[in-house]
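Positions are given from 1 along the sequence.
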Amino acid sequence: MERANRLSALRAGDAAYVTGIDAACNMFRRLEDIGFTRGARVCCLFAAPGGEPKAYLVRGAVMALRYEDARFVRVRSAE
């Protein structure tokens, strides 16, 4: 699994667009329900002092995700 195109690889201030969620993710439906759908713009706002969870702004809401869940979300750079 390439990490460069994963939500978990974003750093504070980085923005990207969701391209999909891996079917192997046990939170697939939940992530879609909270806004991580194809084409959604997502911005990494900050990470907790230990590095996780990270807070992401998606569709006007702030969501905190652990690495274990964010690594299944595929993204492309917003630049």
Side-chain angles (χ1 to χ4, degrees):
M1 177 182 325
E2 264 186 67
R3 294 175 194 243
N5 60 347
R6 300 296 170 160
L7 184 63
S8 58
L10 294 184
R11 295 182 182 165
D14 289 348
Y17 291 97
V18 175
T19 60
I21 302 171
D22 293 344
C25 179
N26 61 355
M27 286 188 51
F28 180 89
R29 182 71 176 162
R30 178 72 179 130
L31 290 172
E32 281 193 333
D33 287 347
I34 61 176
F36 290 93
T37 56
R38 184 181 304 272
R41 187 173 194 278
V42 60
C43 181
C44 181
L45 299 178
F46 59 88
E52 70 171 309
K54 289 183 179 178
Y56 302 96
L57 177 65
V58 61
R59 300 195 183 274
V62 177
M63 304 291 165
L65 292 179
R66 297 173 302 164
Y67 171 83
E68 292 84 25
D69 301 319
R71 69 188 174 110
F72 289 107
V73 180
R74 295 185 310 273
V75 297
R76 67 174 168 79
S77 176
E79 298 171 357

Filter on side-chain hydrogen bond (donor to acceptor under 3.5 Å, both in side chains), then keep only pairs touching residues 37-61, sequence neighbours left out; what's left?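 side-chain hydrogen bond (donor to acceptor under 3.5 Å, both in side chains) check on residues 37-61 returns T37-R59.
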Of all heavy-atom pairs between [X] and [Y], which one has the smallest distance, and what is that distance?
| X | Y | result |
| --- | --- | --- |
| L31 | D69 | CD1-O, 4.2 Å |
| A12 | F46 | CB-CA, 4.1 Å |
| G35 | A40 | O-CB, 3.5 Å |
| S77 | Y17 | O-CD1, 4.3 Å |

Please examine the side chains of [Y] and [X], heavy atoms only from C-beta on, and report whether any two atoms are closer than 4.5 Å.
| X | Y | result |
| --- | --- | --- |
| V42 | L57 | no |
| L7 | F36 | yes |
| I34 | V58 | no |

With sequence neighbours excluded, what pairs up with D14 under the salt bridge (Lys or Arg N to Asp or Glu O under 4.0 Å) test?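 Salt bridge (Lys or Arg N to Asp or Glu O under 4.0 Å) list for D14, sorted by chain: empty.
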So, taking the atom named OG1 in T19 and the one named CZ in R74, what distance separates them when rounded to the nearest 0.5 Å?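 These two atoms lie 5.0 Å from each other.
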To the closest 0.5 Å, what do you measure between CZ (F28) and CD1 (I21)?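 One finds 5.5 Å between CZ of F28 and CD1 of I21.
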Selection residues 27-37 - residue pairs positive for salt bridge (Lys or Arg N to Asp or Glu O under 4.0 Å), sequence neighbours left out: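 Only R29-D33 qualify under salt bridge (Lys or Arg N to Asp or Glu O under 4.0 Å).
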ILVMFWY cluster, M27 and M63 together (side-chain gap under 4.5 Å):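 Linked, M27 and M63 end up in one cluster.
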